[in-house]
Amino acid sequence: MFGYVRPVMDRLSEEDRERFQGVYCGLCHTLGERYGWKARLFLDYDLAFLAMLLEKEPCECCKKGCMVHPIAKRPCAPCSATLDTAADLSVILTWWQVQDGIADHGFFGGLKYRAASLLLRRSYRKAKKARPDFDEHTQKCLRELANLEKEQCASVDAVADTFARLLAGAASGENDPIHRRVLEQMLYHLGRWIYLADAADDLKGDLKSGSYNPLSLRYTLCDGALTQESRQELAGTMDQSIRVMAAAFELADFGSYT
C-alpha cells in the first residue's frame, strides 16, 4: 500500500534534489546500521518523506557510497534521532504490510510475502521493542480495517479513516504539541489519500479475484471500471485531503525542507 509519495525530480532545484537524496540515503544507511542489510531491501520513498516531516534542523549531508552505488557517492544525511525513528517506523509498517499480503494472497500468491516476512522477522522484533506504542496502534488500526473488510463495508470514508489514523500515529513521538497537531493532520490526510489511491489502482484486480474493494461498493462501475462521474467524485474527495494537508503545512515551519 506504500510507494506513492515520490518527488517529481524535474520540478526540484538541484539543491533540493540533493537534499531529498540525502534523506533517502541517510534513511537507507540508518536501516542498515540499526537492522542490518536485509532491512535496507524494504526502503521506500514514503518514509523518507516522513523523516523530512519529523526533522526540524537537518544536518549537512556528506558523500557516501554503498553496494548499489559503490563508485559514484551520493549525498547522505548523517545519523540522527529522527532517522532512527523513521527507520523504526519503516520496519513496523513494512512488517504489517507484509503480513497483510500473506493474509490476502493465499499460499502460492503469498510466497513472496512469506519470504519477506522471514527476512524481516528479527528486525520487526527489535523495532517493536523500540516503539511498542506505535506497533500496538498499528495493529489496532489494522484489526479495525480487517473487520470492516469482512463486513464488506460500503463506506469509503470509514475504511479510509482507519488507515489514515494508522499513519497519523507516526506523529505521536513529536514533543511540540503544535507541530504534533500539524503532523497528525498532514499524515492523517496523506494516509487517507494513499488508501484511496491504492484502492483505485487495485480495483480491476480486486474485481477479478473477488477481493474486497470499497470503491466497487460505493461508486458506479462500467465494464469493471469507475464511470467518468464516479472518477470525478473520487478525485474530488482525494483532492480535499490534499487541500487539508496544504492548509496544515502552512501552520508549521519545515525549515530547509519547505
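You'll find the side chain of Leu221 reaches within 4.5 Å of the side chain of Leu226, heavy atoms only. The side-chain heavy atoms of Ser123 and Lys38, taken from C-beta on, include no pair separated by under 4.5 Å. With a 4.5 Å cut-off on side-chain heavy atoms, Asp100 and Leu142 do not count as touching. Between Leu93 and Leu47, the closest side-chain pair of non-hydrogen atoms falls below 4.5 Å.
Among all heavy-atom pairs drawn from Asn175 and Arg180, the shortest one is O-NH1, 3.5 Å. Between Ala170 and Leu187, the shortest heavy-atom contact is CB-CD1, 4.0 Å. Annotation for Leu53 and Met186: closest pair CD2-CE, 3.9 Å, computed over non-hydrogen atoms. Of all the heavy atoms in Pro7 and Leu12, the pair that sits closest is CB-CD1, 4.0 Å. The shortest non-hydrogen separation linking Leu207 to Gly224 is CD1-O, 3.4 Å. The minimum heavy-atom distance linking Cys153 with Tyr212 is given by the pair O-OH, 2.6 Å.
A chain of hydrophobic side-chain contacts below 4.5 Å, direct or via other Ile, Leu, Val, Met, Phe, Trp or Tyr residues, connects Val5 to Leu167. Hydrophobic clustering of Ile, Leu, Val, Met, Phe, Trp and Tyr side chains at less than 4.5 Å, counting indirect connections, keeps Val244 apart from Met238. Both Met52 and Leu251 are part of a single hydrophobic cluster, where members link through side-chain heavy atoms under 4.5 Å apart. Cluster annotation: Leu118 and Val98 are assigned to distinct hydrophobic clusters (Ile/Leu/Val/Met/Phe/Trp/Tyr, side-chain heavy-atom contacts under 4.5 Å, transitive). Cluster membership check: Val159 does not share its hydrophobic cluster with Tyr188, using side-chain heavy-atom separations under 4.5 Å among Ile, Leu, Val, Met, Phe, Trp and Tyr.
In terms of the side-chain contact (heavy atoms from CB on, under 4.5 Å) criterion, residue partners of Gln232 (sequence neighbours excluded) are, by chain and number, Gln228. In this structure, the ring-ring contact (aromatic ring centres under 6.0 Å, His included) partners of Tyr24, at least two apart in sequence or on a different chain, are Tyr45. Take Leu41 and apply the side-chain contact (heavy atoms from CB on, under 4.5 Å) test, not counting sequence neighbours, and it matches Trp37, Leu119. Not counting sequence neighbours, the partners of Glu174 by the salt bridge (Lys or Arg N to Asp or Glu O under 4.0 Å) test are Lys56. Under the side-chain contact (heavy atoms from CB on, under 4.5 Å) criterion, Arg74 pairs with Gln21, Cys25, His69, not counting sequence neighbours. Here Thr162 pairs with nothing under the side chain to side chain donor-acceptor pair (under 3.5 Å) rule; sequence neighbours left out. Residues satisfying the side-chain contact (heavy atoms from CB on, under 4.5 Å) test with Ala252, not counting sequence neighbours, are His179, Val182, Phe254.
Separation of atoms CG (Leu196) and OH (Tyr4) is listed at 10.5 Å; rounding is to 0.5 Å. Note that the CD1 atom of Ile178 and the CG atom of Asp253 stand 12.5 Å from one another [nearest 0.5 Å]. The line from CG of Asp135 to NZ of Lys129 is 14.0 Å long, rounded to the nearest 0.5 Å. The line from NZ of Lys140 to CG of Leu145 is 12.0 Å long, rounded to the nearest 0.5 Å. Note that the OG1 atom of Thr85 and the CG atom of Leu50 stand 8.5 Å from one another [nearest 0.5 Å]. Here the straight-line distance linking atom CG of Leu27 with atom CZ of Arg40 works out to 10.0 Å at 0.5 Å rounding.
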Step by step, would you call Asp202 with Leu215 a side-chain contact (heavy atoms from CB on, under 4.5 Å)?
CA-CA 10 Å; Asp202 289 348; Leu215 302 188; over 6 Å; no
task: Applying side-chain contact (heavy atoms from CB on, under 4.5 Å), run through His29 and Cys79 and close with a yes or a no.
output: CA-CA 8 Å; His29 281 278; Cys79 294; 5.9 Å; no
Between Phe49 and Leu190, does the side-chain contact (heavy atoms from CB on, under 4.5 Å) criterion hold? Intermediate values first, please. CA-CA 11 Å; Phe49 177 62; Leu190 177 62; 3.8 Å; yes
Please assess Glu15 against Arg19 for the test salt bridge (charged side-chain N to carboxylate O under 4.0 Å, His left out), listing each intermediate value before the final yes or no. CA-CA 6 Å; Glu15 182 181 11; Arg19 187 172 286 123; 3.0 Å; yes
Query - Leu31 vs Leu43, side-chain contact (heavy atoms from CB on, under 4.5 Å): CA-CA, chis, key distance, verdict - result: CA-CA 8 Å; Leu31 280 167; Leu43 173 71; 4.0 Å; yes
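The salt bridge (Lys or Arg N to Asp or Glu O under 4.0 Å) analysis of residues 225-239, with sequence neighbours excluded, yields the pairs Arg218-Glu233. Pairs engaging residues 114-146 under the ring-ring contact (aromatic ring centres under 6.0 Å, His included) rule: Trp95-Tyr124, Trp96-Tyr124 [sequence neighbours left out]. Residue pairs meeting the ring-ring contact (aromatic ring centres under 6.0 Å, His included) criterion with at least one member in residues 220-242: none, sequence neighbours excluded. Listed by first and then second residue, the salt bridge (Lys or Arg N to Asp or Glu O under 4.0 Å) pairs involving residues 27-36 are Arg34-Asp84, Arg34-Asp88 (not counting sequence neighbours). For residues 145-168, the pairs satisfying salt bridge (Lys or Arg N to Asp or Glu O under 4.0 Å) are Glu144-Arg165, Asp157-Arg192, Asp161-Arg165, with sequence neighbours left out.
Among Ser216, Ser211, Pro214, the one residue that satisfies the side chain to side chain contact (heavy atoms under 4.5 Å, CB included) test with Asp206 is Ser211.
A donor-acceptor pair is defined here as one N or O able to donate and one able to accept, closer than 3.5 Å; such a pair exists between the side chain of Thr258 and the backbone of Gly255. For the pair Asp44 (side chain) and Gly3 (backbone), a donor-acceptor distance under 3.5 Å is absent. Judged purely by atom type and a 3.5 angstrom limit, Ser117 has no side-chain atom pairing as donor or acceptor with the backbone of Tyr113. Between the side chain of Arg17 and the backbone N or O of Met9 there is at least one donor-acceptor pair closer than 3.5 Å.
Counting heavy-atom neighbours within 6.0 Å of Arg11 CZ, excluding the residue itself, gives a total of 12 or less. Shown here is Glu18, whose CD atom has more than 12 heavy atoms of other residues, nucleotides or ligands within 6.0 Å. At most 12 heavy atoms of other shown residues, nucleotides or ligands fall within 6.0 angstrom of atom CZ in Arg181. Under a cut-off of 6.0 angstrom, the local environment of CD in Glu14 is sparse, with at most 12 non-hydrogen atoms contributed by other residues, nucleotides or ligands.
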